[in-house]
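Here the structure comes first, spelled out in structure tokens, and everything after it is commentary.
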2 protein chains.
Amino acid sequence: MSGDADKRADAAEMKLAASPWKPFEARRRERDVKRGAVLRVAVSLFLEQGYDRTSLNEVAERLNITKPALYNYFRSKEEILVECYRLGQEKAMAGIERILAKPDTGLVRLRALIRHYCEVMTLDFGQCLVRVDDHVLSALARDQVREGKRLIDRYFRDFLTSGMEDGSIKPCDVRLTVFAITGAINWVGHWYRADGEMTAREIGDTYAMQLTGSLAVEET
Amino acid sequence: MSGDADKRADAAEMKLAASPWKPFEARRRERDVKRGAVLRVAVSLFLEQGYDRTSLNEVAERLNITKPALYNYFRSKEEILVECYRLGQEKAMAGIERILAKPDTGLVRLRALIRHYCEVMTLDFGQCLVRVDDHVLSALARDQVREGKRLIDRYFRDFLTSGMEDGSIKPCDVRLTVFAITGAINWVGHWYRADGEMTAREIGDTYAMQLTGSLAVEET
DNA sequence: TCTTTGTATTACCGGTCGGTAACTTATCGA
DNA sequence: TCGATAAGTTACCGACCGGTAATACAAAGA
């Protein structure tokens, strides 16, 4: 009896050793790839036509599947949009954590955040944050999404405030100044074209200096 | 023969003198008032819930009438939205004409436009310009609306350019600078609340200085 | 007073969309 | 080889929405 069990276990171990979780993981990976493909197609159509005017049939058609197949990966159309928002916010947060990782003055951090957020606004998932009206979401999901937006906004305010404290930024109305900065950057999501004249980096560099021009203590 | 005609004319004239176009004009005025009421309710709901999620039944309900009655004043839902856009653009253009009326440096004019456009962004019809996605419009109507937006944008660029020419503004990338300025102001349409801390004028004054801070030649 | 005109109503239509049920097919593990 | 599971498909449903007759009704004009 134990012989049989051992043999099975050995066989399983050899298999696992050769390629751990092979079938299971491979399947999960495939699934994630497909899920990601749905999101990329969906966000692209949402930006192109608007959320309400994009039917799940269209999304499915572009993926060469049928609408009900989408429900293998998402519970509802709303969940698809929420995931798009989440991916955009994730991108933004990744940059923020990178900035927080090394010590710097508030001004340097603020400029870095401006540069990074400009780049986010050139991505589909980033543009989704400002171009798809979150009114289409249920109250619950909307609160969730807005919480994420507030979090990003908070870091703008934090960096500006700490810049005023460490003397790298002149005193100013934090709320209004951050609104002006984020507004200018959000607008990038509306006019940026990948085939346009400027790269994301050039826009970011220019904005980083221009939007902090009247705030910086030492003119560089 | 001429007696009859004269008598009719006299009667008509007396009537007209007492109250010209009385019945006709009064009716037209009533009609315009009602038409305006539809637009005000509609734009308010569009901002609150989004265009696609606002049904004409809801609009009608808030006006204590029924949906088909709306079709006495508008040919379609789209026409209602186009009118909302138009009213917003009209507000903006009125300010621009006021600015053009008196000669000034490019910097002064740019600042005046910033102040004015900030105020437009605190009005429903102004917010409509930036918060209702024009993807819901047919291609034709969309082009029409975008032409209006471009026109307003053009004056920002004109004022900035003439400021660089008359020496009141430092050399800069016109396109990018105007995008930054208009983006910051457009964002006001998203966060402004009539019951908030700041008045439209305060926001405008602050932005007028802050957004031109790094552009002005003479620091004021 | 009769007619016309404008404004509103009720009832209804066609079409679309999100979502579901039932069924088929392919793949993997035992 | 056989059964379970995942991933598709076709067919369909209920709800809603923009828009349109057909009609009622009040007020102004002749």
Side-chain angles (χ1 to χ4, degrees), chain A residues 4-5 7-16 18-35 37-38 42 45-46 49-82 136-138 141, chain B residues 4-5 7-8 11-12 15-16 19 21-35 37-38 42 45-46 49-82 136-138 141:
Chain A
D4 269 22
K7 213 161 104 184
R8 266 216 311 277
D10 280 355
E13 239 173 70
M14 274 169 55
K15 235 174 166 180
L16 286 170
S19 142
W21 328 279
K22 183 146 80 186
F24 182 74
E25 262 297 303
R27 251 171 122 114
R28 202 179 69 78
R29 200 157 44 222
E30 259 183 51
R31 196 185 153 79
D32 284 353
V33 167
K34 290 183 184 175
R35 212 182 115 102
V38 173
L45 284 171
F46 291 164
Q49 313 178 332
Y51 176 82
D52 278 317
R53 300 182 108 77
T54 301
S55 72
L56 292 184
N57 271 324
E58 286 177 279
V59 175
E61 202 178 341
R62 283 221 191 174
L63 291 160
N64 294 115
I65 55 175
T66 57
K67 178 180 60 172
L70 296 174
Y71 285 82
N72 278 318
Y73 306 99
F74 302 93
R75 272 194 291 268
S76 67
K77 189 182 181 185
E78 183 177 73
E79 191 178 286
I80 294 179
L81 179 57
V82 169
V136 301
L137 296 175
S138 67
Chain B
D4 269 21
K7 213 163 104 183
R8 264 218 311 277
K15 232 176 168 179
L16 287 170
S19 143
W21 328 278
K22 182 145 83 187
F24 181 74
E25 260 299 303
R27 256 174 116 113
R28 203 180 67 81
R29 200 157 45 225
E30 260 182 50
R31 196 185 153 80
D32 284 353
V33 167
K34 289 182 184 174
R35 212 181 114 101
V38 173
L45 284 171
F46 292 163
Q49 312 179 334
Y51 176 81
D52 277 317
R53 300 181 108 75
T54 301
S55 73
L56 292 183
N57 270 325
E58 285 177 280
V59 175
E61 202 178 342
R62 282 221 192 173
L63 291 160
N64 293 115
I65 56 176
T66 57
K67 178 180 59 171
L70 296 174
Y71 285 82
N72 278 319
Y73 306 100
F74 301 94
R75 273 194 291 268
S76 66
K77 189 183 181 185
E78 184 176 73
E79 192 178 287
I80 295 179
L81 179 57
V82 170
V136 302
L137 295 176
S138 68

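In the text below, chain A, chain B and the rest are named by the order of the sequence lines, each starting its count at 1.
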Using atom CZ of Arg75(B) as one end and atom P of dT20(D) as the other, report the distance to the nearest whole Å.
11 Å
Separation of dG19(C) P from Glu79(A) CD (nearest whole Å):
10 Å
Measure CZ/Arg28(A) against P/dA7(D) and give the value in whole Å, please.
12 Å
Can you give me the closest heavy-atom contact between Arg53(A) and Tyr51(B), atom names plus distance?
NH1-CE2, 4.4 Å
In whole angstroms, the gap separating P of dG8(D) from CG of Leu63(A) amounts to 10 Å
Minimum heavy-atom separation for Thr54(B) to Gln49(B), with atom names?
OG1-OE1, 3.3 Å
Which heavy atom of Phe46(B) sits nearest a heavy atom of Lys77(B), and at what distance?
CE2-CE, 4.4 Å
Give every donor-acceptor pair under 3.5 Å between a side-chain atom in residues 61-71 of chain B and any protein atom, sequence neighbours left out.
none

Rounded off to whole Å, could you give me the CD-to-C1' distance for the Glu78(A) and dG19(C) pair?
14 Å
Could you state the CG-P distance from Leu70(B) to dG19(D), rounded to the nearest angstrom?
11 Å
Distance from Arg31(A) atom CZ to Asn72(A) atom CG, nearest 0.5 Å?
6.5 Å
Let me have a per-nucleotide readout for nucleotides 5-18 of chain C, 5' to 3', with B, S or -, counting only protein heavy atoms under 4.0 Å.
-SSBBBB-----SB
Run the salt bridge (charged side-chain N to carboxylate O under 4.0 Å, His left out) test against Glu79(A) and tell me which residues pass, sequence neighbours left out.
Arg75(A)
